[in-house]
Amino acid sequence: MEISSSKIRFLTLLVTISNFISLTSLLGTIWYYVNVIVSFVIICSIFPYIRKVFREYKIVNIFAIVYCISICCSTYLIQSYIPPFTWAIDLASPFVALMYSLQLLSILFFIEVCNSTNKTMTFILTLFKALTYALIIADIFLFTITIKEDFFLLGNKFTSTYLHIVWLILYAYIYSSHMKNFKIKFTICSIFIIIIAYCYDCSTSMMAVMTIAVCTYIRNILKRLIKKAWILPILLVVADLTFVFLNQVILKWDISKFIIVDLLHRDMTLTTRTAIYEMVLIPLSIRPIWGFGCYNTYAVVPAIMPYPNLQNGILNSILEIGIIGTFLYVLVLYLLIKKSNTLQINSTRSNFYFMLFILSFIVVSLVEVNIDNFFLCWSSLVLCLPQNKKRII
């Protein structure tokens with residue numbers, strides 16, 4: 001069954017709207033409804049193709065659906081829960097979990113269809129162009145228009161700068177194999193994005209770009225280290241937990257002081273994060289299995305401790321979607337990487353830069369709450385590997 005390139009380009013623009021940009025700063029909660037509608041349209045548009053490709057990606061798809069059911073359960077169950085404290089703000093609507101589920105499934109299914117119809121590069125090139133235009137407009141907005149403090153066009157400072165990192169990875173994916181002097185140009189782009197992250201006052205994005213830039217120069221060594229699919233998911237869990245509970249030891253290392261103080265110009269308390277880590281078990285111990293539901297961190301943490309969130313990717317995930325949801329989240333990430341490695345065998349492209357993206361976000365997750373739905377959606381890009389074989393649909 002053929003699918004036209006023009007349809008892929010149009011649907012890619014819809015994927016960009018639903019999975020990459022956030023206009024909540026302009027439209028408020030209306031943007032959530034837009035996301036749901038757009039994601040639903042994407043799934044309906046490719047449904048005949050999904051039925052034919054589902055089997056090839058069966059394990060990934062099944063556990064992605066199970067994960068979505070899990071986060072919906074977490075978010076719905078909390079609505080009738082009476083906590084031993086007063087909510088700091090109103091709970092997020094159960095609608096948020098539905099939005100997250102449709103976002104994830106729409107981009108996952110769409111990438112699978114693109115792979116199976118030999119339209120992967122059409123998707124990647126269109127996405128790259130769409131993000132290029134969006135980021136140019138957003139950066140011009142940053143430097144020329146001031147509506148209020150911390151007001152950014154494409155979401156908060158984290159989403160805005162993370163999108164620059166996605167753009168950098170797409171740039172490398174597209175041009176690394178054939179562009180002359182690619183490493184020099186990639187380094188220039190990396191420096192530019194570090195400067196942009198500095199202007200947004202987002203040191204964690206600066207850290208992510210530095211990680212990616214350094215890793216490009218040790219590519220051969222790193223490829224051997226992350227070749228096995230379980231390495232990065234296990235690293236995510238182990239590194240996050242180790243840093244939280246052993247941060248007092250780690251922060252005494254000279255390299256820690258060099259990175260935090262000399263490079264990122266932050267203090268050794270990590271902007272009060274060390275104080276937060278001393279108290280993390282208090283909110284986590286209340287509902288460890290199912291959590292408090294999607295996007296309810298800001299209703300829970302400030303009600304228990306004088307901080308907005310737990311400032312750690314895995315622990316914040318456990319707080320919101322529980323041990324069950326977080327286990328399924330990490331499992332889906334593992335299955336995405338495993339399937340990517342399988343696709344890599346017959347592909348004309350390398351998944352290395354998408355793996356670098358995942359690694360950079362793992363580094364950031366030590367001190368930030370970036371292990372969320374956006375990250376899992378963006379990690380689905382690791383499946384974007386054109387195949388040296390005939391179409392299957």
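The figures that follow rest on heavy atoms only: side chains count, while hydrogens, waters and symmetry mates do not. FYI, the numbering just counts along the sequence from 1. Keep in mind that what you see is a predicted model, and the values were worked out from it rather than measured.
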Problem set entry | Residue pair Tyr334 / Val60, side-chain heavy-atom distance below 4.5 Å | no
For this session: Measure from the side-chain N and O atoms of Lys7 to the backbone N and O of Ile46, and report whether any donor-acceptor pair falls under 3.5 Å.
Result: no
Exercise. Would you say Ser285's side chain and Leu281's backbone share a donor-acceptor pair under 3.5 angstrom?
Worked result: yes
Problem set entry | Ring centers of Trp167, Phe128 separated by less than 6.0 Å | yes
For this session: Measure the OG-CD1 distance between Ser39 and Ile107 for me, rounded to the nearest 0.5 Å.
Result: 9.5 Å
Problem set entry | Check against side chain to side chain contact (heavy atoms under 4.5 Å, CB included), Gln311 and Val367 | CA-CA 5 Å; Gln311 299 291 356; Val367 294; 5.8 Å; no
For this session: Please step through side-chain hydrogen bond (donor to acceptor under 3.5 Å, both in side chains) for the pair Asn115 and Thr120, ending with a clear verdict.
Result: CA-CA 5 Å; Asn115 278 352; Thr120 309; 2.7 Å; yes
Problem set entry | Sequence neighbours excluded - salt bridge (charged side-chain N to carboxylate O under 4.0 Å, His left out) pairs with any residue from residues 268-285 | Arg273-Glu368
Exercise. Does the side chain of Cys68 reach to within under 4.5 Å of the side chain of Tyr100, using non-hydrogen atoms?
Worked result: no
Exercise. Checking Thr326 side chain against Ile318 main chain: does a donor-acceptor pair fall under 3.5 Å?
Worked result: yes
Exercise. Judged by atom type as modelled, is there a donor-acceptor pair below 3.5 Å linking the side chain of Arg349 to the main-chain atoms of Ile174?
Worked result: yes
Problem set entry | Common cluster, Ile188/Val209, ILVMFWY with side-chain heavy-atom separation under 4.5 Å | no
For this session: Check whether any side-chain heavy atom of Tyr200 sits under 4.5 Å from a side-chain heavy atom of Phe158, and report yes or no.
Result: no
Exercise. Closest heavy-atom contact between Ala172 and Phe186?
Worked result: CB-CE1, 3.6 Å
For this session: Could you pull out the closest heavy-atom pair between Cys72 and Ala97, with the gap in Å?
Result: CA-CB, 3.8 Å
Problem set entry | Residue pair Arg287 / Val300, side-chain heavy-atom distance below 4.5 Å | no
For this session: Can you tell me which residue pairs pass the salt bridge (charged side-chain N to carboxylate O under 4.0 Å, His left out) test with a partner in residues 190-208, sequence neighbours excluded?
Result: Asp201-Arg266
For this session: Report yes or no: does Ser340 contribute a side-chain atom to a donor-acceptor pair with the main-chain N or O of Leu383 at less than 3.5 Å?
Result: no
Exercise. Are the aromatic ring centres of Phe123 and Phe110 under 6.0 angstrom apart?
Worked result: yes
Exercise. Given the side-chain rings of Phe361 and Phe375, with only the six-membered ring counted for Trp, is the space between their centroids under 6.0 Å?
Worked result: yes
Exercise. Can any side-chain N or O of Gln103 pair as donor or acceptor with the backbone N or O of Val36 at less than 3.5 Å?
Worked result: no
Seminar exercise, completed: Value for CD1 (Ile314) from CG (Leu366), rounded to nearest 0.5 Å, stands at 10.5 Å
For this session: Using modelled atom types only, decide if a donor and an acceptor are shared between the side chain of Trp230 and the backbone of Lys338 within a distance under 3.5 Å.
Result: no
Exercise. Heavy-atom count around Phe245 CZ within 6.0 Å, excluding the residue itself: above 12?
Worked result: yes
For this session: Tell me, with the steps shown, if Tyr57 and Leu335 meet side chain to side chain contact (heavy atoms under 4.5 Å, CB included).
Result: CA-CA 10 Å; Tyr57 299 85; Leu335 292 172; over 6 Å; no
For this session: Specify whether Phe182 and Tyr171 have parallel, tilted or perpendicular ring planes, treating 30° as the upper limit for parallel and 60° as the lower limit for perpendicular.
Result: parallel
For this session: Sort and list the pairs that fulfil salt bridge (charged side-chain N to carboxylate O under 4.0 Å, His left out) and have at least one residue in residues 121-139, not counting sequence neighbours.
Result: none
Seminar exercise, completed: Here the pair of heavy atoms bringing Ser74 nearest to Ile321 is OG-O, 3.5 Å
Exercise. Under the 3.5 angstrom rule, does the side chain of Asn316 hit a backbone N or O of Val369 as a donor-acceptor pair?
Worked result: no
For this session: Side-chain contact test, heavy atoms from C-beta onward, threshold under 4.5 Å: evaluate it for Leu236 versus Leu232 and give yes or no.
Result: no
For this session: Kindly indicate, with the supporting measurements, whether the criterion ring pair (Phe, Tyr, Trp, His ring centres under 6.0 Å) is fulfilled by Phe95 and Tyr32.
Result: CA-CA 9 Å; Phe95 185 79; Tyr32 297 143; 7.8 Å; no
Exercise. What about Phe85 and Ile78, same hydrophobic cluster or not, with Ile/Leu/Val/Met/Phe/Trp/Tyr joined at side-chain heavy-atom distances under 4.5 Å?
Worked result: yes
Exercise. Do Thr161 and Ser205 have side-chain N/O donor and acceptor atoms under 3.5 Å apart?
Worked result: yes
For this session: Measure the spacing between CE of Met99 and CD1 of Ile37 and express it to the nearest 0.5 Å.
Result: 12.5 Å
For this session: State, yes or no, whether a side-chain contact exists between Ile221 and Arg224 at a heavy-atom distance under 4.5 Å.
Result: yes
Exercise. Is there a side-chain contact between Ser116 and Tyr49, using heavy atoms and a 4.5 Å cut-off?
Worked result: no
Exercise. What distance do Tyr198 atom OH and Ile194 atom CD1 have between them, rounded to the nearest 0.5 Å?
Worked result: 13.0 Å
Problem set entry | Quiz item: cation-pi between Lys185 and Tyr175, 6.0 Å / 45° | no
Exercise. Just checking, any donor-acceptor pair under 3.5 angstrom between side chains of Asn370 and Ser365?
Worked result: no
Exercise. Do the side chain of Tyr329 and the main chain of Asp372 share a donor and acceptor less than 3.5 angstrom apart?
Worked result: yes
For this session: Check the pair Val244, Ile276 against side chain to side chain contact (heavy atoms under 4.5 Å, CB included), reporting the backbone distance first and the verdict last.
Result: CA-CA 9 Å; Val244 165; Ile276 296 174; over 6 Å; no
Exercise. Side chains of Thr216 and Lys183: is there a donor and an acceptor less than 3.5 Å apart?
Worked result: no
Seminar exercise, completed: Between Ile111 and Ser380 the two heavy atoms that sit nearest each other are CD1-O, 3.4 Å
For this session: Give the intermediate values and the outcome of side chain to side chain contact (heavy atoms under 4.5 Å, CB included) for residues Arg219 and Lys223.
Result: CA-CA 6 Å; Arg219 174 171 180 158; Lys223 282 181 74 173; 3.8 Å; yes
Exercise. Judged by atom type as modelled, is there a donor-acceptor pair below 3.5 Å linking the side chain of Asn296 to the main-chain atoms of Ala299?
Worked result: no
For this session: Taking the six-membered ring for Trp and the full ring for Phe, Tyr or His, determine whether the centres of Trp290 and Phe292 are under 6.0 Å apart.
Result: no
For this session: Locate the shortest heavy-atom distance separating Arg9 from Thr122; write the atom from each residue and the value.
Result: CG-CG2, 3.9 Å
Problem set entry | Closest non-hydrogen atom pair between Leu356 and Ile212, with its separation | CD1-O, 3.8 Å
Exercise. What is the ring orientation for Phe54 with Phe109, classed by angle as parallel under 30°, tilted 30 to 60°, or perpendicular over 60°?
Worked result: tilted
